[in-house]
Amino acid sequence: QVQLVESGGGLVQPGGSLRLSCAASRFTFSDSWMHWVRQAPGKGLEWVSTIKPGGETTYYADSVKGRFTISRDNAKNALYLQMNSLKPDDTALYYCWADGASNWGQGTQVTVSS
């Protein structure tokens, strides 16, 4: 099974920034479309962002467009999410996901609160 390990979450004030990381293994990362999704308290999974295998094309949910930036380093099998201008509504457990995967990592908690 693929292995996805998220990190970088934490507690931050509104307007602050965080950079999430996802370490991937046990599959061909450089051939895989990658995604970030999140789950807020009491809500279902919400798609956040997607990046093409080569990193040249990205997609964002309207709720984060202009504030978040997805990127990847294929040499390191790593996926990133730079999160700026954070809002309380961004509070959620964040997961990375690979096309073709069948299992989730543990996620990383982001809490935006004053």
Mind listing the closest non-hydrogen atom pair of [X] and [Y] along with its distance?
X	Y	result
Ser85	Asp90	O-OD2, 4.4 Å
Gln106	Leu4	OE1-O, 3.9 Å
Ala92	Arg38	CB-CB, 3.8 Å

Pairwise salt bridge (Lys or Arg N to Asp or Glu O under 4.0 Å) hits with a residue in residues 19-31, at least two apart = none
Distance (rounded to the nearest 0.5 Å) between [X] [atom1] and [Y] [atom2]:
X	Y	atom1	atom2	value
Ser63	Asp89	OG	CG	9.0 Å
Cys22	Asn77	SG	CG	10.0 Å
Thr69	Met83	OG1	CE	11.0 Å
Arg72	Lys52	CZ	NZ	11.0 Å
Trp36	Glu46	CH2	CD	14.5 Å
Leu81	His35	CG	NE2	13.5 Å

Linking I/L/V/M/F/W/Y whenever their side-chain heavy atoms sit closer than 4.5 Å, directly or via other members, would [X] and [Y] fall into one cluster?
X	Y	value
Phe27	Val37	no
Tyr80	Phe29	no
Tyr59	Leu45	yes
Trp47	Leu79	no
Val112	Leu18	yes

Counting distance only, does the side-chain N/O of [X] pair as donor-acceptor with the main-chain N or O of [Y] below 3.5 Å?
X	Y	answer
Asn103	Gln1	no
Glu6	Cys96	yes
Thr108	Gly9	yes
Asn74	Pro53	yes

request  = Describe, in one word, how the ring planes of Trp104 and Tyr95 are oriented to each other, choosing from parallel (under 30°), tilted (30 to 60°) and perpendicular (over 60°).
outcome  = perpendicular
ask   = Is there side-chain contact between Pro14 and Pro88, with heavy atoms separated by less than 4.5 Å?
value = yes
Non-hydrogen side-chain atoms of Thr50 and Trp33 separated by less than 4.5 Å = yes
ask   = Any Lys/Arg nitrogen of Asp62 or Lys65 sitting under 4.0 Å from an Asp/Glu carboxylate oxygen of the other?
value = yes
task = Apply side chain to side chain contact (heavy atoms under 4.5 Å, CB included) to Gln109 and Thr91, showing your working.
result = CA-CA 8 Å; Gln109 178 67 42; Thr91 296; 4.1 Å; yes
task = May I ask you to establish whether Arg67 and Tyr60 are in a cation-pi arrangement, using a distance under 6.0 Å from NZ or CZ to the six-membered ring centre and at most 45° from the ring axis?
result = no
ask   = Is there a donor in the side chain of Asn84 and an acceptor in the side chain of Ser17, or the other way round, less than 3.5 Å apart?
value = yes
